[in-house]
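In what follows, a structure is listed as structure tokens, so that the remarks can point back to it.
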Amino acid sequence: MTEINKNKPVMVTGATGYVAGWIVKKLLDEGYTVHAAVRNPDDKEKLKYLDEIALNAKGDIVYFKSDLLSPGSYDEAMKDCELVFHTASPFTSKIKDPQKDLVDPALLGTQNVLDSVNRTESVKRVVLTSSCVAIIGDAKDCQAYPNGTATEEHWNTTSTLHHQPYAYSKTVAEKKAWEINEQQNRWDLVVINPSFVLGPGINPYATSESFNIMKQLGDGTMKSGIPEYYIGTVDVRDLAEAHFQAGFNPDAKGRHIVSAENTSILNLAKYLQNKFGNAYPFPKKVLPKFLIWIMAPMIGLTRKIVKQNIGYEWKVDNSKGIRELGLKYLPTEKTVVDLFQQMIDNGYFKK
Ligand code: NDP
């Protein structure tokens with residue numbers, strides 16, 4: 001049992017991010033003082049969305065300059081905190097060097113944040129934003145699990161630096177976090193493993209990969225068809241609640257798959273079609289796997305990714321989060337439509 005004192009500040013790493021935005025909002029609305037660790041506290045334009053929320057909320061926000069790759073740079077932000085949310089980690093497909101761009105910030109960053117936790121006597125709990133990709137590397141991996149469905153007991157064993165490097169970065173970072181946690185007994189580690197996150201952002205211009213995929217569904221990139229790709233999705237607002245529960249529920253422990261629905265990219269496109277009709281060139285069909293195989297290098301996929309993912313069902317069991325954290329999920333249709341509407345309103349789809 002870990003009780004968190006409500007009068008102590010709570011730290012959030014990567015507070016400028018898409019996922020963190022709603023966590024910060026929830027904390028501010030609940031009246032907490034948020035120690036927001038960001039790369040550039042002088043970037044007023046980037047922080048204005050959080051500032052606006054803080055202005056109308058019960059809680060306060062204080063910014064600290066921290067970088068995952070700068071040892072000790074989280075110490076100041078963590079001072080007096082009992083609870084630390086570690087969300088910062090790059091989630092982008094625009095990478096040149098997977099070690100430098102993904103693995104180092106994820107792995108060395110987690111080590112760096114947890115080194116600060118070890119130095120900061122006040123910390124009682126760390127909530128780490130991991131991912132379902134630390135559980136499943138390729139969709140085909142699900143076939144090895146009972147009912148083709150992954151649970152919190154499973155680990156991604158197939159991703160490497162050169163095959164699914166983002167998934168690899170999340171896997172090694174989460175493993176490192178458990179390893180560091182097990183070497184002491186002052187603070188406990190609670191892990192959130194979200195599937196693909198969708199829904200409107202606090203900062204509508206966030207750089208998360210979540211926005212790029214939605215953009216491609218609406219801008220015509222995929223109008224002639226899409227790969228038969230199965231995924232899980234979760235609303236960013238539900239994910240914030242999951243983090244909150246993981247932080248403050250005294251009994252929370254271990255990993256938690258946070259995913260509303262096992263679905264497919266085609267289903268997401270259908271939800272958009274239902275709402276917006278033919279106003280946007282949404283894809284309406286899946287393309288045959290052999291065609292995707294041929295096109296792979298031109299559309300930014302490797303042939304191995306096509307081989308191990310297209311046509312294979314991706315399934316996770318979300319029951320632990322529902323049972324132990326009391327999670328409830330918004331319908332995926334609402335999640336997708338709300339995000340798309342926000343992107344329209346912000347000029348993502350110029351006609
Ligand atoms: P964003 O790109 O919106 O947020 C990433 C955050 O990490 C930003 O705040 C960014 O700061 C920060 N960051 C990146 N590199 C560094 C660095 N070197 N030092 C300090 N901060 C850094 O992505 P998301 O919000 O989507 O991702 C947040 C977390 O959620 C990540 O851990 C991601 O792996 C995880 N996740 C996301 C999913 C999704 O579908 N979106 C699914 C599952 C997990 P800055 O603003 O300065 O760039």
Side-chain angles (χ1 to χ4, degrees), residues 11-24 36-43 45-50 63-74 77 85-95 100-113 116 127-136 156 159 164-174 177 191-214 231-240 242-243 255-260 265 268 314 316 335-336 339:
M11 180 184 152
V12 181
T13 73
T16 44
Y18 170 51
V19 167
W22 283 96
I23 301 174
V24 171
V38 298
R39 278 199 270 198
N40 184 3
D42 298 325
D43 186 344
E45 180 60 24
K46 199 164 184 178
L47 302 179
K48 74 177 181 193
Y49 305 97
L50 297 176
Y63 298 105
F64 295 84
K65 186 175 172 60
S66 312
D67 191 300
L68 291 170
L69 296 171
S70 171
S73 67
Y74 289 90
F85 290 98
H86 176 34
T87 79
S89 201
F91 180 35
T92 173
S93 57
K94 295 183 197 82
I95 46 160
K100 206 163 131 282
D101 299 337
L102 291 172
V103 178
D104 285 353
L107 179 60
L108 302 179
T110 297
Q111 170 98 51
N112 186 15
V113 170
S116 294
V127 177
L128 172 73
T129 313
S130 182
S131 173
C132 276
V133 300
I135 292 176
I136 305 170
N156 172 355
S159 297
Q164 306 274 35
Y166 167 70
Y168 178 69
S169 78
K170 296 301 289 181
T171 307
V172 293
E174 190 193 327
V191 173
I192 293 293
N193 302 85
S195 58
F196 191 53
V197 186
L198 294 169
I202 292 285
N203 167 2
Y205 308 103
T207 52
S208 173
E209 198 57 26
S210 295
F211 288 73
N212 293 338
I213 292 177
M214 287 303 283
I231 56 167
T233 58
V234 61
D235 192 292
V236 66
R237 294 161 287 191
D238 291 339
L239 183 56
H243 279 82
R255 311 173 91 192
H256 302 82
I257 288 173
V258 177
S259 183
I265 309 248
L268 304 185
W314 185 102
V316 292
T335 300
V336 170
L339 172 54

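Along the sequence shown, residues carry numbers from 1. Atoms within each ligand, like the ligands themselves, are counted from 1 in listed order.
Between Met11 atom CE and Phe64 atom CZ the span is 9.0 Å, to the nearest 0.5 Å. The distance from the CG atom of Leu102 to the OG1 atom of Thr92 is 7.5 Å, given to the nearest 0.5 Å. Here the OG1 atom belonging to Thr16 is positioned 12.5 Å from the CD1 atom belonging to Ile202, to the nearest 0.5 angstrom. In this structure, Cys132 SG and Asn156 CG are separated by 11.0 Å, a value rounded to the nearest 0.5 Å.
At least one N or O atom of Asp67, backbone or side chain, sits closer than 3.5 Å to an N or O atom of ligand 1. Not one N or O of Pro105 is nearer than 3.5 Å to an N or O of ligand 1, by distance alone. For ligand 1, the polar-atom distance check finds no N/O of Pro90 at less than 3.5 Å from any of the ligand's N/O atoms. For a threshold of 3.5 Å applied to N or O pairs, the pair formed by Phe91 and ligand 1 contains no separation below that value. The shortest N or O to N or O distance between Phe196 and ligand 1 is not under 3.5 Å. Checking only distances, Lys46 does come within under 3.5 Å of ligand 1, N or O to N or O.
Looking at Val19 and Pro194, their side chains never come closer than 4.5 Å, going by heavy atoms from C-beta outward. The closest side-chain heavy-atom distance from Leu108 to Leu68 is not below 4.5 Å.
A side chain to side chain donor-acceptor pair (under 3.5 Å) with Thr129 is found for one member of His86, Lys170, Glu174, His243 and no other, namely His243. Of the options Thr233, Thr335, Val236, a side chain to side chain contact (heavy atoms under 4.5 Å, CB included) to Val197 is made by Val236 and by none of the others.
Numbered from 1 in the order shown, with element, the atoms of ligand 1 that lie under 4.0 Å from a heavy atom of Ser131 read 43 (C), 44 (C). Near Gly14, meaning under 4.0 Å from one of its heavy atoms, ligand 1 places the atoms 9 (O). In the vicinity of Thr87, heavy-atom distances shorter than 4.0 Å reach the ligand 1 atoms 28 (C), 29 (C), 31 (C), 32 (O). Atoms of ligand 1 lying under 4.0 Å from at least one heavy atom of Ala88, given by number and element, are 7 (O), 12 (C), 21 (N). Atoms of ligand 1 found under 4.0 Å from any heavy atom of Tyr74 (numbered from 1 in listed order, with element): 20 (C). When each atom of ligand 1 is checked for a heavy atom of Ser210 under 4.0 Å away, the hits are 39 (C), 40 (O), 41 (N). Counting atoms of ligand 1 from 1 in the listed order, those under 4.0 Å from a heavy atom of Lys170 are 31 (C), 32 (O), 33 (C), 34 (O).
Here the protein heavy atom with the shortest distance to atom 7 (O) of ligand 1 is Ser89 N, 3.3 Å. Among all protein heavy atoms, the one lying closest to atom 27 (O) of ligand 1 is Val19 CG2, 4.1 Å. Looking at atom 24 (P) of ligand 1, its nearest protein heavy atom turns out to be Ser208 OG, 3.8 Å. Ranking protein heavy atoms by distance to atom 36 (N) of ligand 1, first place goes to Tyr166 OH, 3.6 Å. Atom 42 (C) of ligand 1 has as its closest protein heavy atom Ser195 O, 3.2 Å. At the shortest separation from atom 14 (C) of ligand 1 among protein heavy atoms lies Arg39 NH2, 3.5 Å. The nearest protein atom to atom 40 (O) of ligand 1, hydrogens excluded, is given as Val197 N, 2.8 Å; this is a heavy-atom distance. Closest to atom 19 (N) of ligand 1 among all protein heavy atoms lies Leu68 N, 2.9 Å.
Not a single donor-acceptor pair under 3.5 Å links the side chain of Asn193 to the backbone N or O of Val133. In terms of modelled atom types and a separation under 3.5 Å, the side chain of Thr13 and the main chain of Ala88 share a donor-acceptor contact. Looking at Trp22, its side chain does come within 3.5 Å of a backbone N or O of Pro200 through a donor-acceptor pair. Using a distance-only test at 3.5 Å, with no hydrogens or angles considered, a donor-acceptor pair links the side chain of Lys65 to the main chain of Arg39.
Applying the ring-ring contact (aromatic ring centres under 6.0 Å, His included) test to Phe196 and every residue at least two apart in sequence or in another chain returns nothing. With sequence neighbours left out, Gln164 forms a side-chain hydrogen bond (donor to acceptor under 3.5 Å, both in side chains) with Asp138.
Contact annotation: for Phe211 versus ligand 1, there are no heavy atoms closer than 4.0 Å. Of the heavy atoms in Ser130, only backbone atoms (N, CA, C, O) come closer than 4.0 Å to ligand 1.
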